[in-house]
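The structure under discussion appears below in the form of structure tokens.
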Protein chains: 2
Amino acid sequence: MAGYGQFCPVAKAMELLDERWTLLVVRELLMGSTRFNELRRGVPRMSPALLSRRLRRLCDAGVIERRGPENRASYVVTDAGRELLPVVEALGRWGTRWIPELGDADLDPHLLLWDMHRGLNRTAMPHERTVLAFEFTDVARSSSRWWLVVNADDVDVCDADPGFEAIVTVTVGLRVLTRLWRGDIDWAAAQRAGLRVAGPAWARRGLPDWLQMSPFAVVPRPG
Amino acid sequence: MAGYGQFCPVAKAMELLDERWTLLVVRELLMGSTRFNELRRGVPRMSPALLSRRLRRLCDAGVIERRGPENRASYVVTDAGRELLPVVEALGRWGTRWIPELGDADLDPHLLLWDMHRGLNRTAMPHERTVLAFEFTDVARSSSRWWLVVNADDVDVCDADPGFEAIVTVTVGLRVLTRLWRGDIDWAAAQRAGLRVAGPAWARRGLPDWLQMSPFAVVPRPG
DNA sequence: CGGTATCCCCGTCGATACTG
DNA sequence: CAGTATCGACGGGGATACCG
């Protein structure tokens with residue numbers, strides 16, 4: 001689409017940033033994703049063709065730089081890209097406060113686990129390999145069971161049993177865990193809403209500390 | 001277009017705000033415009049049908065409220081709307097720093113005068129009616145001459161001679177005055193680039209104080 | 001002044017398949 | 001792993017005219 005035909009810096013910024021998906025890709029980049037397929041996991045409903053277009057556009061705009069060989073590309077934010085953090089933060093804070101309601105279509109177990117895997121508080125967790133299991137009570141059988149496999153230096157999100165025994169199993173409705181992650185409700189309210197944790201007492205007690213919530217969870221709500 | 005299918009508050013915010021023109025309308029509302037045709041002057045390239053759609057959407061989202069009788073409607077921001085100011089500010093700051101180049105299509109004398117009329121430093125100006133004239137050296141005859149008519153309690157933007165004598169006449173290239181307004185250059189650089197002011201000495205000296213620049217003019221530039 | 005109504009085009013996006 | 005290629009539909013939005 002053509003530009004706005006305005007010299008206003010807000011308009012010039014939006015000529016780039018109002019394109020569908022663009023700011024979500026930027027969000028993923030700012031969260032630390034650098035590889036194409038890593039970015040895709042953060043925006044699973046975006047087609048690879050469109051992601052490719054957006055990445056090129058962001059390169060052209062100087063927001064990111066493409067690095068590495070053709071077959072192992074990575075994308076890193078430039079100074080200009082890093083300075084989009086205040087924009088993303090302002091949007092996230094506003095969305096948190098003023099759009100609290102989620103439709104069923106906004107819920108996605110894979111995306112939720114993907115977000116959670118980034119925020120795990122590794123230092124508070126056991127040092128050996130640790131597996132956390134999640135069972136969603138209200139999701140179709142085929143995608144109701146998930147595992148976070150915490151290895152020495154990475155975390156995997158699995159939708160198939162990894163074979164190692166889970167130290168805890170969280171049984172919960174998808175919406176309840178999503179709202180907990182977003183900070184719409186707290187841990188106690190989640191338990192009242194049916195969240196259950198199975199496993200040894202020390203692990204059940206530790207879990208709330210292991211799972212960091214969304215960065216926007218602490219945003220104060222209106223009223 | 002459908003939503004993003006994400007529970008992330010950034011995604012939920014962008015479902016509303018990534019629609020073309022929406023954030024520019026919000027900008028106008030935050031700058032104090034409340035009436036339909038007043039808003040239009042801030043987004044002249046937007047069709048009235050589309051502005052109408054956007055206003056309804058912003059009402060539905062709780063960003064603004066529609067008030068007054070059918071034939072004299074006004075739109076005022078709610079708390080949610082007011083809290084979009086940090087979003088607009090962050091975008092404006094980023095655009096100012098990282099998209100400094102303007103295309104010819106981004107220049108618009110009417111829009112420039114419309115922006116300037118809002119920022120006039122009335123207290124520093126003469127109390128009686130004051131007329132400021134602008135003559136753009138590089139704009140087609142039909143829209144090269146403009147006037148700001150400062151009355152007791154309002155300011156008019158005119159593209160036809162208002163009939164009252166101007167206290168000063170500014171002769172300048174459209175791009176130069178636009179860059180001055182944006183803070184890309186300062187007053188001295190604008191004069192070196194050809195800006196000339198005609199009128200009594202006291203008015204010529206006062207002018208830089210009368211004309212407030214864009215709120216983003218003070219944003220520090222990279223490097 | 002404050003909008004609606006209508007029309008139609010073209011670009012965007014989604015879907016799917018495929019490649020080095 | 002990191003993308004391209006192709007295609008079709010849809011709907012957003014620009015233009016224009018019109019109404020209360």
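Here is the naming used below: chain letters follow the sequence lines, and residue numbers restart at 1 for every chain.
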Is [X] near enough to [N] that one of its side-chain N or O atoms lies under 4.0 angstrom from OP1 or OP2?
X: A:Arg20; N: D:dG12; answer: no
X: A:Trp21; N: C:dT12; answer: no
X: B:Arg66; N: C:dG3; answer: yes

Spacing between [X] atom [atom1] and [N] atom [atom2], to the nearest angstrom:
X: A:Leu24; N: C:dC13; atom1: CG; atom2: P; result: 12 Å
X: B:Tyr75; N: C:dC1; atom1: OH; atom2: P; result: 14 Å
X: A:Arg35; N: D:dA2; atom1: CZ; atom2: P; result: 4 Å
X: B:Arg40; N: C:dT4; atom1: CZ; atom2: C1'; result: 13 Å

**Complete:** Shortest non-hydrogen pair, A:Met213 vs A:Leu180, comes out as SD-O, 3.3 Å

**Fill in**
When every non-hydrogen atom of A:Pro44 is compared with those of B:Gln6, the smallest separation belongs to CD-NE2, 4.1 Å

Considering only heavy atoms, which members of [range] lie under 4.0 Å from some atom of DNA chain D?
range: residues 43-63 of chain A; value: A:Pro48, A:Ala49, A:Ser52, A:Arg56
range: residues 104-117 of chain A; value: none
range: residues 6-18 of chain B; value: none

**Message:** Side chains of B:Trp114 and B:Glu28, heavy atoms from C-beta outward: is any pair under 4.5 Å?
**Reply:** yes

**Student check: side-chain heavy atoms of A:Asp106 and A:Thr178 closer than 4.5 Å** = no

**Prompt:** Counting any heavy atom closer than 4.0 Å, what does B:Asn71 reach on the DNA or RNA strands: base, sugar-phosphate only, or nothing?
**Reply:** sugar-phosphate

**Message:** I'd like to know if B:Arg141 pairs up with B:Glu135 as an ion pair, taking the criterion as any Lys NZ or Arg NE/NH1/NH2 lying under 4.0 Å from an Asp or Glu carboxylate oxygen.
**Reply:** yes

**Asked** Is the shortest distance from a Lys or Arg side-chain nitrogen in A:Arg82 or A:Asp79 to a carboxylate oxygen in the other one below 4.0 Å?
**Response** yes

**Item:** B:Arg54 atom CZ: more than 12 heavy-atom contacts under 6.0 Å
**Value:** yes

**Message:** Quick one: does any side-chain atom of A:Trp210 pair with a main-chain N or O of A:Ala124 as donor and acceptor, under 3.5 Å?
**Reply:** yes

